[in-house]
Amino acid sequence: MLAKLDYRLLGTFVFFFIIVGNLTEWEVLIDTLPAIFLHPLTSLFGAAFVSQVISNVPAAILIAPFGSEVQAVLLGVNVGGIGTLIASLANLIGFRLFQLYMPHLKVAFLKKFTWLNLLVFIVLLLASAIFICY
């Protein structure tokens with residue numbers, strides 16, 4: 001069982017959480033994040049876009065201590081789980097499985113996956129912004 005474990009994927013999980021732990025100690029972020037996550041729309045968009053870079057669960061952990069707009073942050077990290085391959089660690093797991101079984105289709109799949117997810121991301125982000133505003 002240990003021989004079949006995907007250590008690169010496991011390392012990715014660990015790496016994200018180590019980064020988040022270190023970022024929460026960084027003075028620049030401690031000074032900047034509270035101002036960004038002070039209003040509903042900036043919290044929504046900030047959480048969604050941070051999720052695109054470091055994945056939605058680590059993004060939620062990073063933003064939680066600084067965000068006062070809990071509903072907007074929650075919507076942002078959930079919508080943020082859609083979009084890039086890295087937006088949700090579940091996407092990485094799914095893509096890794098796809099690569100194992102259909103390696104010859106991985107490039108075509110990745111292109112379609114990315115375009116479709118970015119389209120859905122934009123639609124849901126705009127719908128969430130309307131919901132937050134009203």
Side-chain angles (χ1 to χ4, degrees):
M1 192 75 156
L2 290 175
K4 292 183 179 183
L5 188 62
D6 186 347
Y7 288 100
R8 290 187 314 178
L9 189 59
L10 181 61
T12 302
F13 279 104
V14 172
F15 180 70
F16 281 133
F17 289 102
I18 289 173
I19 284 177
V20 167
N22 288 330
L23 287 177
T24 57
E25 303 291 324
W26 198 23
E27 287 292 324
V28 173
L29 289 181
I30 291 171
D31 295 339
T32 306
L33 288 181
I36 293 171
F37 294 98
L38 184 62
H39 303 289
L41 281 178
T42 58
S43 295
L44 173 72
F45 284 101
F49 287 111
V50 170
S51 295
Q52 297 302 301
V53 178
I54 64 168
S55 191
N56 61 341
V57 173
I61 293 168
L62 173 66
I63 296 165
F66 304 106
S68 60
E69 296 293 332
V70 178
Q71 182 181 22
V73 170
L74 178 64
L75 274 171
V77 295
N78 277 287
V79 169
I82 301 165
T84 63
L85 188 62
I86 208 163
S88 172
L89 294 175
N91 291 342
L92 288 174
I93 294 168
F95 184 67
R96 183 72 178 132
L97 290 171
F98 185 86
Q99 279 182 262
L100 289 174
Y101 296 105
M102 300 186 161
H104 59 288
L105 296 175
K106 71 179 182 183
V107 173
F109 174 81
L110 187 57
K111 286 179 184 177
K112 288 179 185 177
F113 174 89
T114 302
W115 283 112
L116 179 61
N117 273 280
L118 287 175
L119 176 65
V120 172
F121 171 74
I122 291 167
V123 169
L124 288 178
L125 190 58
L126 293 175
S128 297
I130 292 167
F131 176 77
I132 289 292
C133 290
Y134 295 105

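Since the structure is predicted, the reported quantities are computational estimates derived from the model, not experimental observations.
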Is there side-chain contact between [X] and [Y], with at least one heavy-atom pair below 4.5 Å?
| X | Y | value |
| --- | --- | --- |
| F95 | L92 | no |
| F17 | V57 | yes |
| V20 | F16 | no |

Tell me whether [X] shares a hydrophobic cluster with [Y], the cluster being built from Ile, Leu, Val, Met, Phe, Trp, Tyr side chains joined at under 4.5 Å.
| X | Y | value |
| --- | --- | --- |
| L33 | I19 | yes |
| V120 | L44 | yes |
| L110 | L89 | yes |
| L29 | F49 | no |
| V77 | L126 | no |

Among residues two or more places apart or on two chains, list those pairs meeting side chain to side chain donor-acceptor pair (under 3.5 Å) that have a residue in [range].
| range | value |
| --- | --- |
| residues 7-23 | none |
| residues 29-49 | none |
| residues 54-81 | none |
| residues 111-130 | none |

Can you name the residues that form a ring-ring contact (aromatic ring centres under 6.0 Å, His included) with [X], not counting sequence neighbours?
| X | value |
| --- | --- |
| F131 | none |
| F113 | F109 |
| F45 | none |

Using a side-chain heavy atom cutoff under 4.5 Å and only I, L, V, M, F, W and Y, what cluster partners does L74 have?
-> none
Show which residues join V14 in its hydrophobic cluster (side-chain heavy-atom contacts under 4.5 Å, direct or indirect), or state none.
-> I18
Pairwise ring pair (Phe, Tyr, Trp, His ring centres under 6.0 Å) hits with a residue in residues 50-80, at least two apart | none
Provide the full list of salt bridge (Lys or Arg N to Asp or Glu O under 4.0 Å) pairs with a residue in residues 87-107, sequence neighbours left out, each pair given once.
-> D6-R96
Taking distance alone, no hydrogens or angles, what donor-acceptor pairs closer than 3.5 Å link side-chain atoms of residues 79-88 to residues at least two apart or in another chain?
{"residue": "T84", "atom": "OG1", "partner": "Q52", "partner atom": "O", "Å": "3.0"}
{"residue": "T84", "atom": "OG1", "partner": "Q52", "partner atom": "OE1", "Å": "3.4"}
{"residue": "T84", "atom": "OG1", "partner": "A87", "partner atom": "N", "Å": "3.2"}
{"residue": "S88", "atom": "OG", "partner": "A90", "partner atom": "N", "Å": "3.3"}

Separation of T24 OG1 from I61 CD1 (nearest 0.5 Å) | 10.0 Å
